[in-house]
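Shown next, in structure tokens, is the structure this report addresses.
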There are 2 protein chains.
Amino acid sequence: MAERTHSTLMSRPIHLNLFIHGRGHHEAGWRHPGATRKALTDISYFADLARRAEAGRFDSIFFADALELGAGARHVASGALEPITALAALARETTHIGLIATASTTYTEPYNLARQFASLDHISGGRVGWNIVTSWVGGAGPNFGYERTPEHSERYARAEEFVQVVKALWDSWADDAIIDNAATGRFLDPERVRRIDWQGDFYRVAGPLNLPRSPQGWPVLVQAGSSPTGKAFAARHAEAVFTAHLTKASAIDFYAELKQAAVVAGRRENDIVILPGLSAAIGSTDAQGQALLEELNDLTDIDVGLSRLSNRFGGHDFSALALDQPLSRDDFPDPSTVQAAQSRAAVITDLVARERPTLRTLLRQLAGARGHFTLAGSPERIADEIEDWVESRAADGFNVMPPVLPAQFDIFVDHVVPILQKRGRLRREYEADTLRGHYGLARPLNPHFAA
Amino acid sequence: MAERTHSTLMSRPIHLNLFIHGRGHHEAGWRHPGATRKALTDISYFADLARRAEAGRFDSIFFADALELGAGARHVASGALEPITALAALARETTHIGLIATASTTYTEPYNLARQFASLDHISGGRVGWNIVTSWVGGAGPNFGYERTPEHSERYARAEEFVQVVKALWDSWADDAIIDNAATGRFLDPERVRRIDWQGDFYRVAGPLNLPRSPQGWPVLVQAGSSPTGKAFAARHAEAVFTAHLTKASAIDFYAELKQAAVVAGRRENDIVILPGLSAAIGSTDAQGQALLEELNDLTDIDVGLSRLSNRFGGHDFSALALDQPLSRDDFPDPSTVQAAQSRAAVITDLVARERPTLRTLLRQLAGARGHFTLAGSPERIADEIEDWVESRAADGFNVMPPVLPAQFDIFVDHVVPILQKRGRLRREYEADTLRGHYGLARPLNPHFAA
């Protein structure tokens, strides 16, 4: 059932995902005149973005998520729609583009999650992906009965079992389980539906699921944690990976390591699509792109940046550091002790060790896209960089994170997309109807039922 | 914020909800030529029904739910979309009609449920209702880590606290919490958002919720359990009640009792809209309606009926009873000992004591609508009965449960609705934009924040 998504003219097609986040990924993007004035609870704002991404022939759109109202909400546009309900609505606004929602393995029941994602996959006709997260934010645990958010290793142990349970639930119906014979009165073949009777360390789930196997078999499994544990998890389960790199060299290392790990885990290199984040400030010229980025950085607030940096390091207090003196790695906790987002903490401490920025400079750098690759320039410049990363095997495409929404995304679609299409790197028309088709991923076989 | 939904010409307006269930409520409805051939995972089937209900100026549509694949699936069209995701999609297919989804207090986290329903209310522009259930089906518990489904009293104790938690979460933002001032960089007023710091017997939830208070403040709270515990719960919390009665006399008693209980609980009679189920087999004449019902009953299967009856009584085995001898109450367990749906079990044993049907006859009666009121006749006959129940204070309207979908619902909209409109009982145009508006319910004040 794997579908080829690009003509053979394109040796390395580029996959593009639109990461929808507030009114833009730059911390101060919401204050820019190019940002929408619509509320983040207005589905029409997201519907416009989804249709725009579809017009630009993107593979997919994506919502991140956090199970708390962060302290940053005071100074950053926050409080958006819940991703699963938002995606269900957007499924009816679009016809081809993939739709990826984040949901947590730490704070949901596998039966409920398996069911809602299967339902989304049916509603969208096979266009759904699940971004698997363990929810690192410190405020999440106390919203779900925990004194504090469970530690990194426990969250991942639970996630491993959780994913196995939901896969078993998705495979609890054969694709042909429904007979639907009105004449005989037989609706379902009981031989083609099975209990799973899962008994694990964290979960006991009898099954079967209460709806049929979905068009894609499973939604596309997406993952974004890049800690050692996160990478091992991705090698086993992920079919698309969102990842943050401040340099191409770091992305090349990650790409080679993860593809190799997937092969070691018994999979093929092409079974994982790797999409680093890219936040591009685009102007008519390189200078104008740079000016936009400066304009955005000038709108940031030191306290907001400090609070976000503290969150990244599990609540560590950086406020005593001088703003305008070079930092060193010693100013930061060891990333491997951080119980929140370990890999992002490592990206930041590596940057500090390499560049010795002042705290003020660091906060401006992180304001762009929270540790993702940022770039400023003309559409040609952006297209060149995208092509270069893909040719260099730093990426299979990008997680596109416009600093200001929708203005900077409109510019991407109107000016960067045509360049990539002209170069034969990006589809002009969709050749598949499912997200698996766009990403070139096979539909999972159901091991419990012969076809 | 309460809105008048009907002109003063109408002393007792009639509220109508379409209960969408499989391919119709009659157990054998899916086998009838008037039933859709579409899959129950095809959102276009539900979208057509929702638009049709909106054209008929119904107050709302409603999805029931069960967190298991019941044994009946073998012989009854089953395996439909998950209600929350389905409603989110339907919100974009409709503009005025209310949208009610069932969700369980026993098997979900309050933070997740509060958030998804608030999100639905935003997406739909204030048209959502939550049918609060404790999930009586025996197969649910083992899908969520329980040896067996928790007992009736424990489920209701948990539900009571659950509802208090989600109300607190919905009220954790003042309606005017968002400042959204790009010039000053202030997005949220921290004085207008509060933690809830809930510490109860079952739940600990810090809050606040991570999205703003929704258009209706809370979704409309709907309830359908009619056991003594269920009625007490409804008196405190429910704003609309779905209930099953086989006779008008029983409905009148229930109506008076529940309205009185609401007043005792400090509410007003009009704060609860009571909607008994009505499954009408409609023909051009009364005889043709009756013939349709017979045709459907002839399509039923004794084993399916026995299995469903057993489910209603928590797994009790009725298969040893003779099919064609009069039953007595002694053939049934005491309903108050049933750990599943107590009130429905009581409806059935009362019927048995009153009418002494044979098992075969009883199964045919229950095949119609599982213990709800069934009726066969012409559109005039159906409209008369509806008006009579409402005039008799047996109902504020009906939970319309067509035996065959969509054919019997099309007939209801084309032939029963115009009669009710002509009699001034049913709106010709929507006068409100929210479900609260249609039902004549006030928007809840937020006790934590002065307006």
Side-chain angles (χ1 to χ4, degrees), chain A residues 28 30-31 35 39 41-43 66-69 73-82 84-86 88-89 91-93 107-109 111-112 115-116 118-120 122-123 139 142-145 178 180 182-183 185-188 190 193 203-212 214 299 301, chain B residues 28 30-31 35 39 41-43 66-69 73-82 84-86 88-89 91-93 107-109 111-112 115-116 118-120 122-123 139 142-145 178 180 182-183 185-188 190 193 203-212 214 299 301:
Chain A
W30 71 280
R31 302 180 63 184
T41 48
D42 183 345
I43 188 71
L67 292 169
E68 64 161 357
L69 182 71
R74 191 165 172 175
H75 292 287
V76 177
S78 308
L81 296 171
E82 184 277 334
I84 290 172
T85 47
R92 302 296 288 168
E93 305 283 341
Y107 304 114
T108 54
E109 289 283 346
Y111 196 90
N112 290 335
R115 186 178 179 217
Q116 289 200 322
S119 188
L120 282 178
H122 283 292
I123 290 170
N143 287 329
F144 294 86
I178 291 181
D180 196 4
R186 292 185 71 211
F187 183 76
L188 194 72
V193 177
Y203 301 104
R204 289 187 304 168
V205 180
L209 199 57
N210 58 357
L211 80 171
S214 74
L299 287 169
D301 181 299
Chain B
W30 71 280
R31 302 180 62 184
T41 47
D42 183 344
I43 188 72
L67 292 169
E68 63 161 0
L69 181 70
R74 190 166 172 175
H75 292 286
V76 177
S78 307
L81 295 171
E82 184 276 337
I84 291 172
T85 46
R92 302 296 289 166
E93 305 282 340
Y107 304 114
T108 53
E109 288 283 346
Y111 196 89
N112 290 336
R115 187 179 178 215
Q116 289 200 322
S119 188
L120 282 178
H122 283 292
I123 290 171
N143 287 329
F144 294 87
I178 290 180
D180 196 4
R186 292 185 70 211
F187 183 75
L188 195 73
V193 177
Y203 301 104
R204 289 186 303 168
V205 180
L209 199 58
N210 57 357
L211 81 171
S214 74
L299 287 170
D301 181 299

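All of these numbers come straight from a predicted model, not from anything done at the bench. We name chains A, B, ... by the order of the sequence lines, and we start the count at 1 in each one. The figures here come from the full heavy-atom set of this structure, side chains too, leaving out hydrogens, waters and symmetry mates.
Summarising the geometry, atom CD1 belonging to B:Ile43 is positioned 6.0 Å from atom CZ belonging to A:Arg92; distances are rounded to the nearest 0.5 Å. Of the inter-residue distances, the one linking A:Leu209 atom CG with B:Glu82 atom CD reads 10.5 Å to the nearest 0.5 angstrom. Atoms CG and CZ, on B:Leu67 and A:Arg115 in that order, are 5.5 Å from each other to the nearest 0.5 Å.
The candidate with the highest count of non-hydrogen atom pairs below 4.5 Å against chain B, out of A:Asn143, A:Leu211, A:Leu81, is A:Asn143. Residue with the most contacts toward chain B among A:Leu120, A:Ile178, A:Val76, A:Val193: A:Val76 (heavy-atom pairs, distance under 4.5 Å). Considering only heavy-atom pairs separated by less than 4.5 Å from chain A, the leading option among B:Ala80, B:Ala206, B:Gly207 is B:Ala206. Interface check for chain A: of the options B:Gln116, B:Glu93, B:Glu68, the most heavy-atom pairs under 4.5 Å are formed by B:Gln116. Options A:Gly139, A:Ala88, A:Gly185, A:Pro142 differ in how many heavy-atom pairs under 4.5 Å they form with chain B, and the most are formed by A:Gly185. Contact tally against chain B (heavy-atom pairs below 4.5 Å) for A:Thr41, A:Val205, A:Leu299: the top residue is A:Thr41. Interface summary for chain B: among A:Pro208, A:Ala91, A:Ala35, A:Ser78, the most heavy-atom pairs under 4.5 angstrom belong to A:Ser78. Between chain A and the residues B:Ile84, B:Asp301, B:Asp180, the largest count of heavy-atom pairs under 4.5 Å involves B:Asp180.
Here A:Tyr107 pairs with A:Phe144, A:Tyr146 under the ring-ring contact (aromatic ring centres under 6.0 Å, His included) rule; sequence neighbours left out.
Only the backbone of A:Ala66 comes within less than 4.5 Å of a heavy atom in chain B; its side chain stays farther off. Looking at A:Ala118, neither its backbone nor its side chain comes within 4.5 Å of chain B, counting heavy atoms on both sides. The contact between B:Ala183 and chain A is made entirely by backbone atoms, counting heavy-atom distances below 4.5 Å. Only the side chain of A:Glu109 has a heavy atom closer than 4.5 Å to any heavy atom of chain B.
When every heavy atom of A:Ser119 is checked against every heavy atom of B:Thr85, the shortest pair comes out as OG-OG1, 2.8 Å. Of all heavy-atom pairs spanning B:Arg31 and A:Ala182, the tightest one is NE-O, 2.8 Å. Closest approach of A:Pro212 and B:Gly79 over heavy atoms only: CD-O, 3.2 Å. Scanning both residues, B:Ile123 and A:Ala89, for their nearest heavy atoms gives CG2-CB, 4.0 Å. The minimum heavy-atom distance linking A:Thr108 with B:Asn112 is given by the pair CG2-ND2, 3.6 Å.
Between A:Leu188 and B:Leu69, the closest side-chain pair of non-hydrogen atoms falls below 4.5 Å.
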